[in-house]
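To start, the structure under review is shown below, and the notes come after it.
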Number of protein chains: 4
Amino acid sequence: MKGLRDKTDQILKAAVTVFVKKGLQATTQEIAKEADVAEVTLYRKFATKQNLFITVIKHVLENQFNSHVMKLANEGNTEYFFKSIIENRLEVLSKNTPLVKMLISESLMGNLTEEIDLPNIIFTSLKHGLDHHFDEEDVNTELCARQLGGIFLSHIVLPNQHPFHTLDRMEKDKLVEKYAKSLKVLI
Amino acid sequence: MKGLRDKTDQILKAAVTVFVKKGLQATTQEIAKEADVAEVTLYRKFATKQNLFITVIKHVLENQFNSHVMKLANEGNTEYFFKSIIENRLEVLSKNTPLVKMLISESLMGNLTEEIDLPNIIFTSLKHGLDHHFDEEDVNTELCARQLGGIFLSHIVLPNQHPFHTLDRMEKDKLVEKYAKSLKVLI
Amino acid sequence: MKGLRDKTDQILKAAVTVFVKKGLQATTQEIAKEADVAEVTLYRKFATKQNLFITVIKHVLENQFNSHVMKLANEGNTEYFFKSIIENRLEVLSKNTPLVKMLISESLMGNLTEEIDLPNIIFTSLKHGLDHHFDEEDVNTELCARQLGGIFLSHIVLPNQHPFHTLDRMEKDKLVEKYAKSLKVLI
Amino acid sequence: MKGLRDKTDQILKAAVTVFVKKGLQATTQEIAKEADVAEVTLYRKFATKQNLFITVIKHVLENQFNSHVMKLANEGNTEYFFKSIIENRLEVLSKNTPLVKMLISESLMGNLTEEIDLPNIIFTSLKHGLDHHFDEEDVNTELCARQLGGIFLSHIVLPNQHPFHTLDRMEKDKLVEKYAKSLKVLI
DNA sequence: AATGAATGAGAATTCATTCAT
DNA sequence: AATGAATGAATTCTCATTCAT
């Protein structure tokens, strides 16, 4: 049962590792080496480096960043809704800092297509969630989404000695509550 | 009246343009072409691409980003202090979006030395300003600085149809006031 | 039947030619051209110019300079031993004058690692052979080896209208005999 | 009284230093730096690197290698004549090992014109001295000169832990005597 | 006489990608 | 399906030398 899927998986795994570390600058040589596969094999399977990159990133985004903003948006209680989103997203982003950093970096240089442009995806999904939650109400969801995004970015981009996911329960709760409160002020 | 300073300036100007567009990936060839100068001339004057980059960026940061956080920090009124910082930084960052994007991008990939690592610089200077302002008081300035940084980042990194510096007076005031209020909640 | 080993051999052959003519100064471009191969191909196969050089020289030294000093050292008769070494080494060195010149030249400039440093190799192997031959006896083998080396060098480095290998049988015998006799005086 | 001659001397001194260390590969930049002079100044004064090299080397050869072979050749006693030459040349060469190595190296690569081709000069002057000394006699001066040259070369080119000029009086005498005796065998 | 500025020509090396097997 | 071999196009950087002052 070896071969086929096997090598493809090897490549995908290796590609994540290497792309996360070096971004699009990563060379196919490095990836091939990490995957223990001939360089050409990448090309047989993915045609171009670009394509390999997109495939890999799509894969990861689907598996690890699948946001449930929409589900949470149904929650009636706004504060709870805010807290849920904040905690959930901070947790996920914080756990994937290297990948997130790389994606933001590439996004800023305009190297990403829409479907894998993480900042865009985050902002858009937040906006949609907020629009859904506040439905008829007159709330500036754009500003709100931006503020939420800013909170997330501040944890990734700015120096941070205590990544969110390493905090204990109480610290998390306290922080999330503060963020939620400061958000409500904007409404 | 030509010569001397001339070519150096040509190079510096061209280098900003090209580096802003492409980051460290920019080639010395491109820069030389943009500067209408032989490629070697860059090397005679700046020895390495890295060095040219650092020189150029330092220059720009000193001239265009010189923050007055410290001066503003002397302001007694906290709300006014917040509003001043927010408005001032948003204005500057917003006016230099392409450069800022590039610097954040390179910072995220770990390509910048401390002295030109913009996110670091911003966070640190905010922190110091806040420490100064709140002196004896028991305020979580780290959180505060992070939140401020997050606000700035949200305007640069997230999709933004209305850059801050293009807003009219009233829109700016409104926005800044909201941010300031939401900040005060964190104290 | 082409391909594979083919290009590698082409490169090796071309590299010898060019390196012999120009030493380490030879450019990979020249070598590639001489080998009728793309320049990159050298790098794919040998990674660096240095490495190509070392590989090539090791190869040649093994194939063409393999000294039998040790075997000859077993000979009981000292005069015969001397004559054998002298004739054999002069013959080989004389037949490879251009290569030998280049190697001595690079050696003198300190560009060679021990394993391909011909003067060193020659002196050391002579010394060992003499030590073996004279075993218990009290002979200044260092001086002896130096004198032998000097004889060889004098044929390579000094102007020489009649390279050893172009002499006829009788001339060779006479010359070798003289050298052997002069050597015995040193013992 | 500064200027003029001053700078020229600075350059010449620096050039020796650098050329001795690196041979013709030395760059004019290095030399200029060592001489604390602008690079162009070299060109003003010496037109090309080649020319600077030749000038410098001629200078040194005249001042430090001026052989007195001819004077010694008048000596009637052959053994004393031999010993004088050997001692004198070994002393001089040994004291200038780095320079001599460089010159032999460049000579071997065919980079020297006749007037500064040290191996050639040595061999020729030895030959002339011997021809003069042995005048009418039927001596193979070519062989003799070669053997002498070989002795000198063996001290420069082969590994040598005890350079001749560092030996004490007795060691020198012993060595020189041996060489002289072995030489006489060739006559 | 001396120099700061500038450069054309090359050098080693890397990279994404194609070809032949 | 997988790969070893090969490459054109770039990339950073160096060097001897000329120009203008």
Side-chain angles (χ1 to χ4, degrees), chain A residues 2-8 10-11 24-32 37-52, chain B residues 2-8 10-11 24-32 35-52, chain C residues 2-8 10-11 24-32 35-52, chain D residues 2-8 10-11 24-32 37-52:
Chain A
K2 276 185 147 203
L4 219 132
R5 198 71 217 157
D6 228 11
K7 296 256 172 184
T8 303
Q10 266 170 252
I11 293 173
L24 270 166
Q25 286 234 57
T27 69
T28 50
Q29 205 179 35
E30 285 173 288
I31 297 170
V37 156
E39 212 178 337
V40 238
T41 307
L42 308 187
Y43 284 89
R44 262 269 182 248
K45 290 181 181 296
F46 300 95
T48 71
K49 189 173 79 161
Q50 273 286 336
N51 191 46
L52 172 57
Chain B
K2 279 181 147 207
L4 231 133
R5 198 78 216 146
D6 228 12
K7 295 254 174 178
T8 303
Q10 266 170 250
I11 293 172
L24 271 165
Q25 286 235 56
T27 70
T28 49
Q29 204 179 32
E30 286 173 286
I31 297 171
D36 195 27
V37 158
E39 209 179 337
V40 240
T41 306
L42 307 187
Y43 284 92
R44 265 290 196 207
K45 290 182 182 296
F46 300 95
T48 69
K49 190 174 80 163
Q50 270 287 334
N51 190 47
L52 172 57
Chain C
K2 278 185 149 202
L4 230 135
R5 198 76 218 146
D6 230 12
K7 295 254 174 178
T8 302
Q10 267 170 252
I11 293 173
L24 271 166
Q25 287 234 58
T27 70
T28 50
Q29 203 179 36
E30 285 174 287
I31 297 170
D36 195 27
V37 157
E39 210 179 339
V40 240
T41 305
L42 306 187
Y43 285 90
R44 265 288 197 207
K45 288 182 184 297
F46 300 95
T48 69
K49 189 173 81 162
Q50 271 286 333
N51 190 47
L52 172 57
Chain D
K2 275 186 147 203
L4 219 132
R5 197 72 216 154
D6 227 12
K7 296 257 171 182
T8 304
Q10 265 170 251
I11 293 173
L24 270 165
Q25 287 234 57
T27 69
T28 49
Q29 204 180 35
E30 285 173 289
I31 297 170
V37 156
E39 212 177 336
V40 239
T41 307
L42 308 186
Y43 285 88
R44 260 269 181 250
K45 289 180 181 297
F46 300 96
T48 71
K49 188 172 80 161
Q50 274 286 335
N51 191 45
L52 172 57

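Convention: sequence-line order gives letters A, B, ...; per-chain numbering from 1. Any value given below was found using the heavy atoms of this structure, including those in side chains, with hydrogens, waters and symmetry copies removed.
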Checklist entry - Between Glu30(D) (CD) and dT17(F) (P), how many Å, whole number? => result 15 Å
Next on the checklist: Strictly distance-based, threshold 3.5 Å: is any side-chain N or O of Gln10(C) a donor or acceptor partner for the main-chain N or O of Ala35(C)?
Outcome noted: yes
Checklist entry - What is the pairing partner of dC13(F), taking Watson-Crick or G-U wobble pairs with both distances under 3.5 Å in any strand? => result dG10(E)
Next on the checklist: Side-chain N or O of Thr41(B) versus OP1/OP2 of dT7(E): is the shortest distance under 4.0 Å?
Outcome noted: yes
Checklist entry - So how far is it from Thr27(A) OG1 to Glu39(A) CD, rounded to the nearest 0.5 Å? => result 7.0 Å
Item to check | Nearest-nucleotide 5' precedence on DNA chain E, Lys49(C) against Ala38(B) | outcome: Ala38(B)
Item to check | Euclidean distance, atom OH of residue Tyr43(D) to atom P of dC15(F) [Å, nearest integer] | outcome: 11 Å
Next on the checklist: For a quick check under 3.5 Å, do Thr28(B) and Lys49(B) share a side-chain donor-acceptor pair by atom type?
Outcome noted: no
Next on the checklist: Please confirm whether the shortest side-chain N or O distance from Gln29(A) to OP1 or OP2 of dA16(E) is below 4.0 Å.
Outcome noted: no
Checklist entry - What's the spacing between Leu42(B) CG and Asn51(B) CG if we round to 0.5 Å? => result 11.5 Å
Next on the checklist: Just the rounded figure in Å: distance from P of dA16(E) to CZ of Phe46(A).
Outcome noted: 16 Å
Checklist entry - Does a nitrogen or oxygen in the side chain of Lys7(B) sit under 4.0 Å from OP1 or OP2 of dT7(E)? => result yes
Next on the checklist: Return whichever of Val40(D) or Gln25(A) has its heavy-atom-nearest nucleotide of DNA chain E closer to the 5' end.
Outcome noted: Val40(D)
Checklist outcome for this item: Leu52(D) atom CG is separated from dT17(F) atom P, nearest whole Å, by 11 Å
Next on the checklist: Under 4.0 Å, counting only non-hydrogen atoms across every strand here, what does Ala26(B) touch: a base, just sugar-phosphate, or nothing?
Outcome noted: sugar-phosphate
Next on the checklist: Between P on dT3(E) and CZ on Arg44(B), what's the gap in Å once rounded to a whole number?
Outcome noted: 14 Å
Checklist entry - For dA20(F), what is the paired nucleotide under Watson-Crick or G-U wobble rules, both distances under 3.5 Å? => result dT3(E)
Checklist entry - Using a cut-off of 4.0 Å on non-hydrogen atoms, how would the nucleic acid contact of Thr28(D) be classed: base, sugar-phosphate, or nothing? => result base
Next on the checklist: If I take atom CD1 in residue Ile11(C) and atom P in nucleotide dA6(F), what distance separates them, rounded to the nearest angstrom?
Outcome noted: 7 Å
Item to check | Touch class at under 4.0 angstrom, heavy-atom based, for Glu39(B) against every strand present | outcome: base
Checklist entry - Think Lys45(D) has a side-chain N or O under 4.0 angstrom from the OP1 or OP2 of dA2(E)? => result yes
Checklist entry - When the distance from CD1 of Ile31(D) to P of dC15(F) is rounded to whole Å, what number comes out? => result 12 Å
Checklist outcome for this item: Rounded to whole Å, CG of Leu42(D) lies from P of dC15(F) at a distance of 14 Å
Next on the checklist: As an exercise, state the distance from NZ of Lys7(C) to NZ of Lys45(C), rounded to the nearest 0.5 Å.
Outcome noted: 9.0 Å
